[in-house]
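These numbers come from the heavy atoms of this one structure, side chains and all, not from hydrogens, waters or symmetry mates.
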Amino acid sequence: MPIKVLDPKTVARIAAGEVVERPASVVKELVENALDAGATQITVEVRGGGVSLLRVTDNGVGIPAAEVELAFERHATSKITSADDLTSVLTLGFRGEALASIATVAQVDMVTATVGSEVGTQVVLENGVVTHRGSQGRPPGTTVTVTNLFRKLPARLKFLKSPATENSHIANVVSQYALAFPEVKFTLMVEGRVTLRTPGSGRLLDSVAQVYGLEVARNILEIESAQWRDSRSDSTQVTGMVSAPSVARSSRSYLSFFINRRWVNSRLLAWAVEEAYHGLLMEGRHPVAVINVALPPAEVDVNIHPTKTEIKFHNERAVFLAVQRAVRQALVQQMPVPQIEEVATTYRAPSAGEVGTPVSASLFPPALVANQTPASALPVLRVLGQFRSSFIVAEGPDGLYLIDQHAAHERILFERFLGHRDASAAERQALLEPLPVELTPRQQALVEEMAEALEEQGFSLEPFGERAYLVRAVPAALGEKDVAQAVLRFLDLVEREDAVSDRRERVAISLACHSAIRAGQALNPEEMRELLRQLEETQIPRTCPHGRPTMIHLSADALAREFRRR
Ligand code: ADP
Ligand code: MG
């Protein structure tokens, strides 16, 4: 469609308001234009937090030479022609205001070429007025360079945060679109360095790996494309990915929602996702999720906010349920308590190094996670015995359970340690005489980085000359005669847990792993019952803090089948 200025009646129907709040808003509008132009490669360059320079280059359809100036007119768009079109918009843009708004608050240089045009068109605008028009060779596509953003608006400049913060807002915008459009190759360059690059393979997993890293990508579950029908809406389709509970994060900023591929904020959908994790995450933990909802355009109003990031569903309940069910289904189908047939692939036996050290004294004081209802409750289990001094054999109402005593104890201790918000909550063991230990430079760096989390768990470590530390107190859970050795072994574990990004969690996992009873340790029936009782009280009894199963289940049915009784 050619670019045209919308009639006043349509303009009146468009949500009014400012589009350009900060550099990231400019990036959002330019990237949306590139996507609407069908680009398969989009490069974003940023300097000085986006104030000195922002450049977006695409290989989309370009703008015909005769329409370039028109594109910068207020309410000029090629995407809708009348107010009626507002109910069926499938493009990201439709207001015809972005280029006009950007040109009034910055200097803009655009070079654009369409397929088949011999040369591209260049225009430069200052204060919203074209000051230069010429031609320039370039392949089909568009490059928009924005400089001196807000230079004439000192009040706006003052409102901006540090370049690093503005850069991170920009990186977030580019990341979100990279997740929404895995088939598009995105490159983000900040101050001359490539900070994000997606392959444009069309696989969401590849984008997730680039945006959130390998640890998340390895632990992400695909949402099966499922259609939910109800009486009012034609159909709502939910696709995307959600993290396994083991890689939860401590903030909600890892939730992305795309409605018909438009990135939106939605508290409703954030709630739907969190509901789906009910019972699988500990308090204060949040999942990573990329949720795409496709529904008929008439079912959603995208014209309620100038930046188009807020939307309104005509049938909120239907969308809420569709998202909640799709996520829940992905979680339940892909991470049940492993059944015996799956054991070979999901169960990892404790390694040789985990065998043969004494029961930690920390098993028998009652768990501190009291008065929290266990979220994904275990059935009542009756201890039958121990196998190979490593597994507890128990009977439940629906079959036989094998519990990995080390993994189960790790889960119990992990939740208890994570509950320590300050050193006073931790059980400490003060040393009669401070004990010097010598650390490697790496260990020393680790101790400095983790200082706060270590203190919360009851460690008191003081620098003592070069490389040496004085140990004044340790968590009682470290419980060994040779404290110096125990500290070093514990630090080794902390070093190994480098996949855990949250410091408090990393220390708690390491301490749990260090102090949990080992495989190979004989337990008496009373000890086994106590272990299961404490496991029942945990919030997530079925997996250890590394996400491995604490138990496997052989159902009565499966047994009957094996013995050919049915
Ligand atoms: P809107 O996107 O709402 O239509 P804009 O002000 O962002 O409004 O853009 C105005 C018009 O300029 C668009 O409708 C489109 O025709 C054209 N345009 C803008 N950016 C590009 C681009 N990167 N490639 C092709 N056409 C573009
Ligand atoms: Mg636009």
Side-chain angles (χ1 to χ4, degrees), residues 215 348-363 365 390 404-420 422-521 544-546 548:
E215 188 221 345
R348 185 197 74 107
S351 64
E354 290 171 339
V355 175
T357 18
V359 176
S360 144
S362 57
L363 174 53
S390 302
D404 178 332
Q405 64 195 39
H406 177 72
H409 198 203
E410 266 188 327
R411 162 55 62 190
I412 296 165
L413 294 177
F414 171 66
E415 293 193 10
R416 183 184 309 166
F417 295 153
L418 211 58
H420 295 170
D422 55 66
S424 62
E427 273 178 77
R428 311 171 88 194
Q429 176 190 334
L431 305 188
L432 291 175
E433 277 191 41
L435 178 74
V437 288
E438 200 174 325
L439 302 184
T440 66
R442 281 193 69 177
Q443 288 171 327
Q444 194 177 351
L446 208 58
V447 165
E448 275 164 26
E449 190 193 337
M450 305 285 155
E452 212 174 315
L454 290 171
E455 206 171 299
E456 277 176 11
Q457 295 303 341
F459 281 97
S460 165
L461 301 169
E462 234 170 62
F464 180 58
E466 221 174 284
R467 301 260 293 274
Y469 274 74
L470 274 188
V471 184
R472 295 191 179 276
V474 293
L478 208 68
E480 265 175 69
K481 289 190 200 82
D482 189 343
V483 172
Q485 272 311 309
V487 169
L488 294 178
R489 279 189 38 216
F490 163 76
L491 288 177
D492 279 348
L493 287 175
V494 180
E495 204 171 322
R496 259 209 276 155
E497 298 292 349
D498 59 353
V500 185
S501 48
D502 185 297
R503 293 192 189 119
R504 299 184 53 238
E505 223 163 83
R506 187 166 166 187
V507 167
I509 287 190
S510 310
L511 194 55
C513 183
H514 176 96
S515 358
I517 42 166
R518 309 277 137 178
Q521 171 65 48
C544 83
H546 301 94
R548 295 191 288 264

So which atom in [X] and which in [Y] form the shortest heavy-atom distance, rounded to 0.1 Å?
{"X": "Ala473", "Y": "Arg428", "result": "CB-NH2, 4.0 Å"}
{"X": "Arg411", "Y": "Cys544", "result": "NH2-O, 3.6 Å"}
{"X": "Ile517", "Y": "His409", "result": "N-ND1, 2.9 Å"}
{"X": "Ala519", "Y": "His406", "result": "N-CB, 4.3 Å"}
{"X": "Val437", "Y": "Ala484", "result": "CG1-CB, 3.7 Å"}
{"X": "Arg467", "Y": "Leu439", "result": "NE-O, 2.9 Å"}

Atom pair [atom1] ([X]) and [atom2] ([Y]), whose distance is rounded to the nearest 0.5 Å:
{"X": "Arg506", "Y": "Leu511", "atom1": "CZ", "atom2": "CG", "answer": "14.0 Å"}
{"X": "Leu488", "Y": "Leu493", "atom1": "CG", "atom2": "CG", "answer": "11.5 Å"}
{"X": "Glu433", "Y": "Leu470", "atom1": "CD", "atom2": "CG", "answer": "11.0 Å"}
{"X": "Phe417", "Y": "Glu410", "atom1": "CZ", "atom2": "CD", "answer": "10.5 Å"}
{"X": "Arg503", "Y": "Leu454", "atom1": "CZ", "atom2": "CG", "answer": "11.0 Å"}
{"X": "Ser390", "Y": "Gln521", "atom1": "OG", "atom2": "CD", "answer": "10.0 Å"}

Report task. Could you check Gln444 against Val447 for side-chain contact (heavy atoms from CB on, under 4.5 Å), going step by step and ending with a plain yes or no? Result -> CA-CA 5 Å; Gln444 194 177 351; Val447 165; 5.8 Å; no
Query raised in the report: Does a side-chain N-to-carboxylate-O contact under 4.0 Å join Glu495 and Arg442?
Result: yes
Between the side chain of [X] and the main-chain N/O of [Y], is any donor-acceptor distance below 3.5 Å?
{"X": "Gln443", "Y": "Thr440", "result": "yes"}
{"X": "Glu456", "Y": "Leu418", "result": "no"}
{"X": "Ser510", "Y": "Phe490", "result": "no"}

Report task. May I ask you to test the Glu497-His546 pair for a side-chain heavy-atom distance under 4.5 Å? Result -> yes
Query - All salt bridge (Lys or Arg N to Asp or Glu O under 4.0 Å) counterparts of Glu462, not counting sequence neighbours - result: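 With neighbours one apart ignored, the set is Arg472.
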Query raised in the report: Of all residues at least two apart in sequence or in a different chain, which pass the side-chain contact (heavy atoms from CB on, under 4.5 Å) check with Asp502?
Result: Ser250, Arg285, Arg504, Glu505
Query raised in the report: Would you say Glu452 has more than 12 foreign heavy atoms packed within less than 6.0 Å of its CD?
Result: no
Requested in this report: Before giving the answer on side-chain contact (heavy atoms from CB on, under 4.5 Å), spell out for Glu438 and Tyr469 the whole-Å C-alpha distance, their side-chain angles and the decisive distance to 0.1 Å.
Outcome: CA-CA 6 Å; Glu438 200 174 325; Tyr469 274 74; over 6 Å; no
